[in-house]
> 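Below you will find the structure I want to go over with you.
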Number of protein chains: 2
Amino acid sequence: MAIIRNTIAKKAVFEIIQVNKTAMSQTEIFAKVNNICDRVTVYRILERLVKEMKIHKIVNVNGVINYAPCNSCSHEQHVHHDHLHFSCTNCKKLTCISDNHIELNIPSNYQVSEVFLTVSGICPECLIIT
Amino acid sequence: MAIIRNTIAKKAVFEIIQVNKTAMSQTEIFAKVNNICDRVTVYRILERLVKEMKIHKIVNVNGVINYAPCNSCSHEQHVHHDHLHFSCTNCKKLTCISDNHIELNIPSNYQVSEVFLTVSGICPECLIIT
DNA sequence: TACAATTATGCAACATTGTTGCGTTTATAA
DNA sequence: TTATAAACGCAACAATGTTGCATAATTGTA
């Protein structure tokens, strides 16, 4: 069993994700760590944090991978969470909305493991501006 | 207003997408056009076909953008379609399942335009093999 | 049928995002 | 304090997507 280490860079990356309200991409996160570590290290830290179930990995409508904190998430929910994500087409920000429990009609010969629900449109902040 | 042209390459790309049962990435589509045109041209054709509403642009769970034909899609449905996509974690194929109409609880200050619903797991073909 | 207008293409070059290998550094338990 | 394995930096690479510009091809019209 691997020993998990809490390095300076890891703490910094986790802190950034925790503080931010919207989900962030690797690029945005790396821009915020202020050269505390290498670009590659950020990738590897994010990978580890996902594996340790401390953050969520969410794909944006554009195909950009984003990371968000998972505050109210038990391990159970993690495996099969009916989380809703809002992807703003204007500011490109990805926001976690709430737990929208949904009913799906999937043929029984498909083995479902996770449900990804993303809604695109204009977020409140962008609506005010325009 | 731009005049839409039906070129050889465009017809070939559209044909490939139509015939295939699962959604395909640009890479897969380009591999099938057999050097009838350039890599860049495929990108531009796909862009046009999406704009002309002849194909769907769907993001896979991994962040890979896939393209699928939209057979039973009126323009109305296109703007706000409650389409369900199944993303196989084994063979990476993306399949359009059916029209799953879902109820969502989104705060009124969000302006919704599209709903993206993707379910990951193991597809029937991969279930048989393993 | 030939021509003009403009859409579509090819090519080259670049940008972004993510991955891998390997030698070195560092955190943690003993 | 030290040994050990985790984490890191660097360089190099791979995949995917974008842009500019000169050239080719399609389509409506004369």
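Here is the naming used below: chain letters follow the sequence lines, and residue numbers restart at 1 for every chain.
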> Mind checking ring pair (Phe, Tyr, Trp, His ring centres under 6.0 Å) for A:Phe86 and listing every partner two or more places apart, or none if nothing turns up?
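Counting only residues at least two positions away or on another chain, A:Phe86 forms a ring pair (Phe, Tyr, Trp, His ring centres under 6.0 Å) with B:Tyr110.
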> Rounded off to whole Å, could you give me the CG-to-C1' distance for the B:Asp38 and C:dA13 pair?
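Checked: the CG to C1' distance equals 13 Å.
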> Without decimals, in angstroms, what is the distance between B:Arg48 CZ and D:dT18 C1'?
15 Å
> More than 12 heavy atoms of other residues, nucleotides or ligands under 6.0 Å from NZ of A:Lys93: is that the case?
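At most 12 heavy atoms, drawn from other residues, nucleotides or ligands, come within 6.0 Å of this atom.
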> Across nucleotides 17-30 of chain C, 5' to 3', mark each nucleotide with B, S or - according to how protein heavy atoms within less than 4.0 Å reach it.
BBBBB----BBS--
> Among A:Val115, A:Thr95, A:Val119, A:Thr118, which one satisfies side-chain contact (heavy atoms from CB on, under 4.5 Å) with A:Leu84?
A:Val119
> To the nearest Å, give me how far apart CD1 (A:Ile36) and C1' (D:dA7) are.
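Whole-Å distance recorded here is 14 Å.
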> Quick check on the helix from C:dT1-D:dA30 to C:dA30-D:dT1: what's the angle between its two end axes, five base pairs per end, to the nearest 10°?
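That helix has its two terminal axes inclined by roughly 30°.
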> Can you establish whether the number of heavy atoms outside A:Asn35 located under 6.0 Å from its atom CG is more than 12?
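Open: at most 12 neighbouring heavy atoms sit under 6.0 Å from CG of A:Asn35.
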> Test A:Lys54 against A:Arg48 for side chain to side chain contact (heavy atoms under 4.5 Å, CB included), laying out the working first.
CA-CA 9 Å; A:Lys54 285 185 179 166; A:Arg48 265 179 286 149; over 6 Å; no
> Between A:Lys11 (NZ) and D:dC8 (C1'), how many Å, whole number?
16 Å
> Please answer whether the main-chain N or O of B:Val40 pairs with a side-chain N or O of B:Asp38 as donor and acceptor at a distance below 3.5 Å.
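Yes, the answer is positive, given that a donor and an acceptor are paired below the 3.5 Å cut-off.
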> Mind checking the CD1-CG spacing from A:Ile65 to A:Leu46? Nearest 0.5 Å is all I need.
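These two atoms lie 10.0 Å from each other.
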> Would you say A:Asn60 and A:Ser87 are linked by a side-chain donor-acceptor pair, where the criterion is simply a distance under 3.5 Å?
yes
